[in-house]
Number of protein chains: 2
Amino acid sequence: MVLTQGEGGLRMSGAPAGEDAEGRVLDAAEELFYAHGLQAVGMDALRTASGVSLKRLYRLFPSKEALVEAYLRRRDERWRAELAAYADARPAGRERLLAVFDWLGTWFAEPGFRGCAFVNSFGELGSSSPGVAAAARAHKDAFRRYLAGLAAGAGAPAHLADQLLLLAEGAITTAALSGTAAPARQAREAAGVLLDAA
Amino acid sequence: MVLTQGEGGLRMSGAPAGEDAEGRVLDAAEELFYAHGLQAVGMDALRTASGVSLKRLYRLFPSKEALVEAYLRRRDERWRAELAAYADARPAGRERLLAVFDWLGTWFAEPGFRGCAFVNSFGELGSSSPGVAAAARAHKDAFRRYLAGLAAGAGAPAHLADQLLLLAEGAITTAALSGTAAPARQAREAAGVLLDAA
DNA sequence: CGACATGGAGAACGATCGTTCTCCCCGGTG
DNA sequence: CACCGGGGAGAACGATCGTTCTCCATGTCG
């Protein structure tokens, strides 16, 4: 129930925040990796931000790469859980499907929003780290499957999910680059048109 | 007129490739920065790949950051020139507008395609390098203006350009992550629906 | 022929990184 | 109280980075 003041946003409402060492390390990793990028954050910065000694840090995670992958894994779970909690509270069908873009809009408006952590990580290390590349692909696959479920619930054909994924993905990057939340509304409108036409 | 065998793709057909030192450096920068990321490529790798000595390299570009920005500037010009050369060869209106997505499909299929260089660079260094962030924003602004011109030529309202930008942007990242060119076709179909509805 | 500027190859330098090691304190057990 | 194992703080280590400097071969001009 603790809500940290984290500038990184995306703190799941019921998640414990930093009571044990592993949680504190992952909290620090999420805040720093997301804000500054993977390579820009050193193990020493993680140690300072988490208050966990270097020795313990390396016992919890055998290497920086392992910590990066744990960060991406937890971020994926939290991100999708937050989205599902928001959308699944709406009536199934068209309204729930479009709620995805409303939720994106609230995410874009969070301070410190800097685009998709997985796209950023993939662009930075995807060509040299198979683990990072796989985590990014797994995240997008899971997101696509979730959209496909919503599309089916709205009676839309399967190929609509792919198009909705493109709209959501484009909105995320465009919001990050432009620094505004407007792409969420534009994507929502486009999604409505595509849904009506399907 | 020289066509290098470059794995980076996006080599403009009429552009001279590496006859002078500056051109060779920029060619090497484009190939290496795009393939491996900005921070993963050191000045020594640039020196080896370009055959230009370190001393001359630093006389041409006073710092690595200056070289990164020159790389992004030239990539922006080439990318948009290639796109325009492809699309503007089609009849104005609907066909030219949708040709944008055909061109994206040929780009996605190039070996070594790894998404948008500007999105990747922004994710990696955008939070610490104002020059990189500005270059990425300028690129996307220019792309959006180009789309707006095509939309106007097709008799579509102005807001359609924003939605097409989201589709294109989403197709680029999704193609990079999934490693397939299918997002180009999906985006083209969605664009057609949005255009018809407008 | 000789003085000199030029530019290449690569060593050097200081900083930083991921990772490991040393030293020391501290609590539990005989 | 004496011993000992574990953990924290941070130094140490080897590698790599961006940047600068040294040394030397080469060619030009008087």
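Chain naming here is simple, since letters A, B, ... match the order of the sequence lines and numbering starts at 1 in each.
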Atom-pair distance (CD on Q39(B); C1' on dG18(D)), nearest Å: 13 Å
Roughly, in whole Å, what's the span from CG in L60(B) to P in dG7(C)? 11 Å
Could you state the OH-P distance from Y58(A) to dC21(C), rounded to the nearest angstrom? 13 Å
Using whole Å, what does the distance between atom P of nucleotide dT16(D) and atom CG of L38(B) come to? 20 Å
Nearest 0.5 angstrom please: L177(A) CG to R114(A) CZ, how far? 10.5 Å
Shortest non-hydrogen pair, Y71(B) vs L38(B), comes out as CE2-CD1, 4.1 Å
Indicate yes or no for a side-chain donor-acceptor contact from E124(B) to the backbone of Q39(B) under 3.5 Å, with no hydrogens or angles considered. yes
Which one, dC17(C), dG7(D), dT19(D), comes nearest to the side chain of R56(A)? dG7(D)
Output the rounded distance in Å from CE (M43(A)) to P (dT16(C)). 18 Å
Nucleotide dT19(C), atom C1' - distance to CG of L67(A) in whole Å: 14 Å
Please work out if V52(A) contacts a base, only the sugar-phosphate, or nothing of the nucleic acid, heavy-atom cut-off 4.0 Å. nothing
Could you work out which one of dT19(C), dG8(C), dT20(D) sits closest to the side chain of L54(A)? dT19(C)
Value in whole Å for how far the C1' atom of dG7(C) lies from CZ of R24(B): 13 Å
Looking at R59(A), does any N or O in its side chain come under 4.0 Å of the phosphate oxygens OP1/OP2 on dG7(D)? yes
Under 4.0 Å, heavy atoms only, any strand: does K55(A) hit a base, just the sugar-phosphate, or nothing? base
Given the ring of Y34(B), does R75(B) sit roughly above its face, with NZ or CZ under 6.0 Å from the centre of the six-membered ring and within 45° of the axis? yes
In whole angstroms, how far is the P atom of dA12(D) from the CG atom of D44(A)? 15 Å
Hey, is the side chain of R47(B) poking within less than 4.0 Å of OP1 or OP2 on dG8(C), counting only N and O atoms? no
Passing candidate, ring pair (Phe, Tyr, Trp, His ring centres under 6.0 Å) with F143(B), options F118(B), W103(B), W79(B): W79(B)
